[in-house]
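What you see is a predicted model, and the numbers here were worked out from it, not measured in a lab.
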Amino acid sequence: MARTKDFDEKDVLAKAVCLFWHKGYNATSMQDLVDNLGISRSSLYDTYGDKHTLYLRALDTYQQAGVQKIEKLIADAPNAKEAITRLIRLFTNEILNDEQQKGCFIVNAEIETAPHDTQVNELITKNEQVMEDAFYKVVAQGQQNGDITSKTDARALARFLMNTVKGIRVSVRSVKDQAFFDDIINTSLQVLD
């Protein structure tokens, strides 16, 4: 008979996200995981196999939560331009208001581990495609409704907006001036007119 887990896997994954996000993959030891996740080393190995598998699960958990936020934000926006404005501000404000200055977990993984880890790279690529597709859907809808200019290809605009968000996510690690980001956001939104 299989033994039941004496811990909440969602809670453990949430703690793993926080730990890897704060320390990075390389600086997080197995002892850090045991100490911070509240499970034994054997439970950690039995459930996740190894640190790398847990890291991939943490990244995926973070990415799925982000997708849900994006989908809700788009659905709740009154029009395409407002949806894009809200998306860019969401990405900026969440990270800008982080007192620990952890940056974006996905961007951190892209810089630290994706260049030499194919599985992380695939997950990052998937995440970026999901974000680009979300922008594309909104831009295409806005172009059909006349809210957004049709002078530029919808996919090109989506990629531009995606790259803007990525740049903001990197810059926010060292810049904390809201006006700096407001200038970037306002200038980026002008390409939609």
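- In this structure, the side chains of Ile74 and Lys137 stay at 4.5 Å or more apart for every pair of heavy atoms.
- Using cut-offs of 30° and 60° for the angle between ring planes, the Phe20 and Tyr55 rings count as perpendicular.
- Heavy atoms only, all atoms of each residue included: Phe105 and Trp21 are closest at N-NE1, 3.2 Å.
- Ala134 and Ile70 make their closest contact through CB-CG2, 3.8 Å (heavy atoms, listed as atom of the first residue, atom of the second, distance).
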Derivation of the side-chain contact (heavy atoms from CB on, under 4.5 Å) call for Arg155 and Asp133
CA-CA 8 Å; Arg155 183 61 66 182; Asp133 289 345; 2.9 Å; yes
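- Taken together through direct or relayed side-chain contacts under 4.5 Å among Ile, Leu, Val, Met, Phe, Trp and Tyr, Met30 and Leu37 form part of one hydrophobic cluster.
- Counting only heavy atoms from C-beta outward, the side chains of Ile168 and Ile88 approach each other to under 4.5 Å.
- Listed for the Asp177 side chain is a donor-acceptor partner under 3.5 Å among the backbone atoms of Ala179.
- By the 4.5 Å heavy-atom criterion applied to side chains, Phe91 and Cys104 are not counted as neighbours.
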Could you walk me through whether Asn145 and Asn79 pass side-chain contact (heavy atoms from CB on, under 4.5 Å), step by step?
CA-CA 9 Å; Asn145 297 338; Asn79 60 55; over 6 Å; no
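- Side chain of Gln141 to main chain of Tyr136: no donor-acceptor pair is present (N/O by atom type, distance under 3.5 Å, no hydrogens or angles).
- Counting only distance, with no hydrogens or angles, the side chain of Lys51 and the backbone of Thr28 share a donor-acceptor pair below 3.5 Å.
- Panel note: side chain Glu112, backbone Asn26; a donor-acceptor pair is recorded below 3.5 Å.
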Give the intermediate values and the outcome of side-chain contact (heavy atoms from CB on, under 4.5 Å) for residues Ser40 and Tyr45.
CA-CA 9 Å; Ser40 68; Tyr45 283 116; over 6 Å; no
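- Between Asp11 and Lys15, at least one side-chain nitrogen of the basic residue sits less than 4.0 Å from a carboxylate oxygen of the acidic one, meeting the salt-bridge criterion.
- The backbone N or O of Ile39 sits nowhere less than 3.5 Å from a side-chain atom of Ser43 that would complete a donor-acceptor pair.
- Note: Ser150 OG to Gln144 CD = 9.0 Å, rounded to the nearest 0.5 Å.
- Between Asp60 and Gln64, some side-chain heavy-atom pair lies under the 4.5 Å cut-off.
- The CD atom of Glu128 lies 9.0 Å from the CG atom of Asn163; values are rounded to the nearest 0.5 Å.
- Taking 4.0 Å as the cut-off between side-chain N and carboxylate O, Arg41 and Asp35 do not count as a salt-bridged pair.
- Taking both residues in full, the closest heavy atoms of Leu59 and Ala109 are given as CD2-CB, 3.7 Å, listed atom of the first, atom of the second, then distance.
- One distance of note links CD1 of Ile124 with CD1 of Ile106; it measures 4.5 Å at 0.5 Å rounding.
- Criterion: ILVMFWY side-chain heavy atoms under 4.5 Å apart, direct or through other members. Under it, Val107 and Val165 are not part of a common hydrophobic cluster.
- Taking OG1 of Thr113 as the start and CD of Gln119 as the end, the distance is 11.0 Å to the nearest 0.5 Å.
- Atom NZ of Lys176 is separated from atom OG of Ser171 by 11.0 Å, given to the nearest 0.5 angstrom.
- One hydrophobic cluster, built from ILVMFWY side chains closer than 4.5 Å, holds both Phe180 and Leu90.
- Note that Arg57 lies outside the cation-pi zone of Tyr48, set by a 6.0 Å cut-off to the ring centre and a 45° limit from the axis.
- In the model, Asp50 has a side-chain atom that pairs as donor or acceptor with a side-chain atom of Thr53 under 3.5 Å.
- Scanning all heavy atoms of the two residues, the minimum distance from Leu19 to Asp32 falls at CD2-O, 3.7 Å.
- Looking at every heavy atom in both residues, Glu132 comes nearest to Arg159 through OE2-NE, 3.1 Å.
- Looking at heavy atoms from C-beta onward, Met131 lies out of side-chain contact with Lys166 at the 4.5 angstrom threshold.
- A donor and an acceptor atom, one from each side chain of His52 and Asp117, are located under 3.5 Å apart.
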Would you check, one step at a time, whether the test side-chain contact (heavy atoms from CB on, under 4.5 Å) holds for Leu161 with Val139?
CA-CA 10 Å; Leu161 293 166; Val139 168; 4.0 Å; yes
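- Taking the side chain as every heavy atom from C-beta outward, Gln143 and Leu157 approach each other to under 4.5 Å.
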Below 3.5 Å, can you tabulate the donor-acceptor pairs from side chains in residues 181-193 to any protein atom, sequence neighbours excluded?
residue : atom : partner : partner atom : Å
Asp182  : OD1  : Arg89   : NH1          : 3.1
Asp182  : OD1  : Gln178  : NE2          : 3.0
Asn186  : ND2  : Asp182  : O            : 3.1
Thr187  : OG1  : Asp183  : O            : 2.8
Ser188  : OG   : Ile184  : O            : 2.7
Asp193  : OD1  : Lys81   : NZ           : 2.2
Asp193  : OD2  : Lys81   : NZ           : 3.3

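- When all heavy atoms of Ala80 and Gly142 are compared, the pair lying nearest together is CB-CA, 3.4 Å.
- Ala77 pairs by the side chain to side chain contact (heavy atoms under 4.5 Å, CB included) definition with Ala83, Arg86, not counting sequence neighbours.
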